[in-house]
A.B. asks: 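Before I ask anything, here is the structure I am working with.
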Amino acid sequence: MTHDDILKAAGLTQDDLHGGTLAVHSPIDGAEVARIRETDAAEMPAVIARAQGAFRAWRQVPAPRRGELIRLLGEELRAAKAELGALVTLEAGKITSEGLGEVQEMIDICDFAVGLSRQLYGLTIASERPGHRMMETWHPMGPCAVITAFNFPVAVWSWNAALALVCGDPVIWKPSEKTPLTAMATMKIMERAMKRFGDAPDGLCQLVIGGPAVGEALVNSKDVPIVSATGSTRMGGIVGPKVAARWGRPILELGGNNAMIVAPSADLDMAVRAIVFSAVGTAGQRCTTLRRLIAHNSVRDDLVARLIKAYGSLPVGDPRKATTLVGPLIDHASRDRMQAALEKAKAEGGKVHGGRTVTSGVPQGGAYVEPAIAEMPAQTDTVRTETFAPILYVLGYETLEEAIALQNDVPQGLSSCIFTLNMREAETFLSAVGSDCGIANVNIGPSGAEIGGAFGGEKETGGGRESGSDAWKGYMRRQTNTVNYGATLPLAQGVKFDF
Ligand code: NAD
């Protein structure tokens with residue numbers, strides 16, 4: 001299929017694609033595929049006012065009825081999976097199966113949110129006073145801004161939007177300026193769901209297009225109580241304090257620097273499979289990509305040899321081809337950052353395998369690279385920095401204590417894992433003295449989370465949680481209610497106030 005066929009199949013019209021100022025390029029070949037209209041900063045107050053108007057109506061709609069909208073969205077996504085997945089491949093460069101997987105993740109979170117819409121449970125709490133009852137009630141918060149990164153151009157919106165909408169919050173989405181087309185196509189799918197739903201209020205689900213300035217209008221508005229922002233730690237460092245300064249609620253999902261510890265007892269065959277998928281999948285451009293391999297000194301050389309062999313057989317190329325496993329980086333600047341990191345790693349004493357630019361057998365114009373392995377003498381500055389590309393740094397260790405200390409000694413705290421068949425080691429890794437990350441796994445890699453669990457991380461990863469478990473609480477306000485059904489007015493803590 002040509003680029004134009006893919007855009008058309010995803011429902012984008014010539015009007016959508018032309019006449020604007022924001023150029024959109026496909027990472028497959030660098031071709032400009034659209035020049036779309038950006039939202040003017042002057043339009044933002046009206047966008048936010050529409051969301052506030054929608055909130056006044058939507059918060060009164062019973063939550064299970066709100067869930068019906070998400071059920072319909074799930075149905076529409078199922079019907080459009082192939083077309084939207086292909087557009088993810090075109091615009092973000094993901095291989096076909098990962099493009100489809102991203103849409104499947106949207107469907108999964110819809111299913112989760114539909115069930116949630118009949119739950120949103122509060123507690124009942126024992127009161128210390130006779131004739132009293134205490135409980136917790138969860139209420140909608142208001143408009144939720146969703147600022148997303150290029151590497152999960154549609155799934156991250158759905159993690160937020162499916163929950164926010166069943167929780168009673170309108171959503172304003174600002175996608176990455178590198179991937180606005182997948183967002184526009186997703187909005188068309190959402191519009192179909194809203195049409196079938198019937199009476200969704202105007203402004204319930206909006207899309208704004210542009211770069212940081214458009215995002216900042218949402219970040220700075222007191223009328224947007226929740227700002228869920230996914231992207232670099234640099235962006236979160238700007239957005240988080242601004243939202244906090246106006247007493248809004250930030251949900252920050254920022255960079256990761258994820259590690260795997262491979263212990264002496266590990267099943268190395270399984271470890272190799274997990275390492276290759278999590279270090280190389282999505283061309284190393286997942287927030288949960290494996291970036292640091294901390295291998296016991298007794299298995300390190302064997303493991304590195306197996307990895308070098310496996311890396312040598314990885315097909316790099318056009319992400320639309322069924323056999324390709326490593327697609328392009330998002331752009332040439334990203335490839336330059338990868339090359340600079342590898343040069344720095346060498347200067348720090350690292351031994352680098354692979355990492356060269358690939359120009360033959362790949363579409364011209366894209367930024368294709370061989371994934372790299374860098375054996376490092378220590379956890380240097382370069383290793384402690386997230387470079388958003390397929391570089392796997394390898395470190396050795398002697399004791400588990402040392403391995404856990406290395407794993408935790410980075411600014412980020414997203415995902416982590418250990419490969420071991422030793423129960424003491426596995427449980428220690430998951431315990432209070434183990435991994436300090438939001439995600440810690442045993443005998444599976446750090447990437448490819450399911451939607452059922454809460455997703456997010458600590459330290460410079462931002463502390464936010466999205467997706468499953470009770471992450472929905474981040475989109476609602478908690479109210480503690482005490483009801484006195486007695487005929488006296490006893491005070492808590494035995495306080496007397498007689499007059
Ligand atoms: P980025 O920080 O460049 O951009 C992310 C989004 O933030 C974009 O929509 C951008 O326009 C917006 N933005 C940037 N500055 C802003 C500002 N001052 N105010 C408001 N909005 C602003 O990130 P990217 O290059 O698109 O994505 C890669 C990064 O995202 C990596 O660091 C990756 O680890 C991270 N990421 C994290 C998660 C997670 O869940 N933790 C998921 C995906 C990606």
Side-chain angles (χ1 to χ4, degrees), residues 38-56 58-59 138-150 156-157 159-161 163-165 167-177 203 205-256 287 385-386 411-414 436 438 454-467 470-480:
E38 290 180 72
T39 308
D40 194 304
E43 296 172 59
M44 291 306 289
V47 168
I48 295 168
R50 266 204 300 285
Q52 277 288 346
F55 176 55
R56 285 189 284 278
W58 193 241
R59 67 185 170 182
W138 292 89
H139 293 299
M141 278 277 285
C144 172
V146 181
I147 297 173
T148 55
F150 79 82
V156 169
W157 169 78
W159 291 359
N160 285 279
L163 295 197
L165 289 167
C167 288
D169 304 331
V171 171
I172 306 171
W173 182 10
K174 196 213 80 65
S176 165
E177 54 275 42
C205 211
Q206 299 182 81
L207 175 68
V208 293
I209 300 286
V214 177
E216 294 230 344
L218 298 167
V219 166
N220 292 329
S221 172
K222 270 184 170 298
D223 289 328
V224 182
I226 308 168
V227 177
S228 171
T230 298
S232 58
T233 293
R234 188 199 62 76
M235 176 277 287
I238 299 170
V239 166
K242 285 190 176 175
V243 175
R246 61 156 175 92
W247 308 106
R249 185 185 289 176
I251 300 175
L252 299 177
E253 300 283 347
L254 311 174
C287 50
T385 306
E386 181 199 48
Q412 311 83 353
L414 181 52
D436 65 359
F455 184 91
E458 307 301 338
K459 303 192 290 187
E460 289 188 8
T461 302
R465 290 296 185 277
E466 291 174 352
S467 195
D470 65 351
W472 61 270
K473 291 178 176 170
Y475 303 83
M476 301 197 89
R477 61 186 171 86
R478 180 198 314 243
Q479 196 170 66
T480 302

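Worth saying up front: this structure is predicted, and the values here are computed from it rather than measured. Residues: numbered from 1 along the sequence shown.
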A.B. asks: Check salt bridge (Lys or Arg N to Asp or Glu O under 4.0 Å) between Glu460 and all other residues, then give those that pass, not counting sequence neighbours.
C.D. replies: none
A.B. asks: Starting at CG of Asp436, measure out to CD of Gln412 and round the result to the nearest 0.5 Å.
C.D. replies: 10.5 Å
A.B. asks: According to side chain to side chain donor-acceptor pair (under 3.5 Å), does anything in residues 205-231 pair up with another residue at least two apart or in another chain? List the pairs.
C.D. replies: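 For residues 205-231, and leaving out neighbouring residues, the side chain to side chain donor-acceptor pair (under 3.5 Å) pairs sorted by first residue read Arg50-Gln206, Asn160-Ser228, Glu216-Lys242, Ser228-Glu466.
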A.B. asks: Taking all non-hydrogen atoms of both residues, which atom of Trp173 and which atom of Thr148 are closest, and how far apart?
C.D. replies: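 Looking at all heavy atoms of both residues, the shortest contact is NE1-OG1, 2.9 Å.
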A.B. asks: Taking the side chain as every heavy atom from C-beta outward, state whether Pro411 and Glu386 have any pair of such atoms under 4.5 Å apart.
C.D. replies: no
A.B. asks: Applying side-chain contact (heavy atoms from CB on, under 4.5 Å), can you list everything that pairs with Ser232, at least two apart in sequence or on another chain?
C.D. replies: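 Partners of Ser232 under the side-chain contact (heavy atoms from CB on, under 4.5 Å) test: Arg234, Met235.
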A.B. asks: Who pairs with Cys287 by side-chain contact (heavy atoms from CB on, under 4.5 Å), at least two apart in sequence or on another chain?
C.D. replies: Leu414, Phe455
A.B. asks: Kindly say whether Gly255 contributes a backbone atom to a donor-acceptor pair with the side chain of Thr461 at under 3.5 angstrom?
C.D. replies: yes
A.B. asks: Give, for atom CD1 of Ile226 and atom CD1 of Ile172, the distance between the pair rounded to the nearest 0.5 Å.
C.D. replies: 11.0 Å
A.B. asks: Could you tell me how the ring of Trp472 sits relative to the ring of Trp138: parallel (under 30°), tilted (30 to 60°) or perpendicular (over 60°)?
C.D. replies: perpendicular
A.B. asks: Looking only at non-hydrogen atoms, find the nearest pair between Pro250 and Gly240 and report the distance.
C.D. replies: CG-O, 4.3 Å
A.B. asks: Is any side-chain heavy atom of Ile209 less than 4.5 Å from a side-chain heavy atom of Val214?
C.D. replies: no
A.B. asks: Please report the interatomic distance CG(Asp470) to CG(Leu163), rounded to the nearest 0.5 Å.
C.D. replies: 10.5 Å
A.B. asks: For the atom pair SG (Cys144) and CZ (Arg249), what is the distance rounded to the nearest 0.5 Å?
C.D. replies: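 It comes to 10.0 Å.
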A.B. asks: Write down the atom of Gly236, the atom of Pro241, and the distance for their closest heavy-atom approach.
C.D. replies: O-CD, 3.7 Å
A.B. asks: Which heavy atom of Val227 sits nearest a heavy atom of Leu218, and at what distance?
C.D. replies: CG2-O, 4.1 Å
A.B. asks: Please find the pair of heavy atoms, one from Pro212 and one from Glu177, that lie closest to each other, and give the distance.
C.D. replies: CD-OE2, 3.6 Å
A.B. asks: Among residues at least two apart in sequence or on other chains, which ones pass salt bridge (Lys or Arg N to Asp or Glu O under 4.0 Å) with Arg56?
C.D. replies: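 Partners of Arg56 under the salt bridge (Lys or Arg N to Asp or Glu O under 4.0 Å) test: none.
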A.B. asks: Taking the side chain as every heavy atom from C-beta outward, state whether Val243 and Leu252 have any pair of such atoms under 4.5 Å apart.
C.D. replies: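 No. Closest side-chain heavy atoms not under 4.5 Å.
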A.B. asks: With side chains defined as the heavy atoms from C-beta onward, is the minimum distance between Phe55 and Pro140 less than 4.5 Å?
C.D. replies: yes
A.B. asks: Does a side-chain heavy-atom distance below 4.5 Å link Pro143 with Pro225?
C.D. replies: yes
A.B. asks: Using a 4.5 Å cut-off on heavy atoms from C-beta on, say whether the side chain of Thr233 contacts that of Lys459.
C.D. replies: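 Side-chain contact under 4.5 Å: no.
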A.B. asks: CH2/Trp58 to SG/Cys205 distance, rounded to the nearest 0.5 angstrom?
C.D. replies: 9.5 Å
A.B. asks: Provide the closest heavy-atom pair for Gly203 versus Pro170 in the form atom of the first, atom of the second, distance.
C.D. replies: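 Heavy atoms only, the tightest pair is O-CB, 4.1 Å.
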A.B. asks: Mind checking what makes salt bridge (Lys or Arg N to Asp or Glu O under 4.0 Å) contact with Arg59, not counting sequence neighbours?
C.D. replies: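 Partners of Arg59 by the salt bridge (Lys or Arg N to Asp or Glu O under 4.0 Å) criterion come out as none, since no residue qualifies.
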A.B. asks: Distance check, rounded to the nearest 0.5 Å: Leu165 atom CG versus Tyr475 atom OH?
C.D. replies: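 That separation rounds to 10.5 Å.
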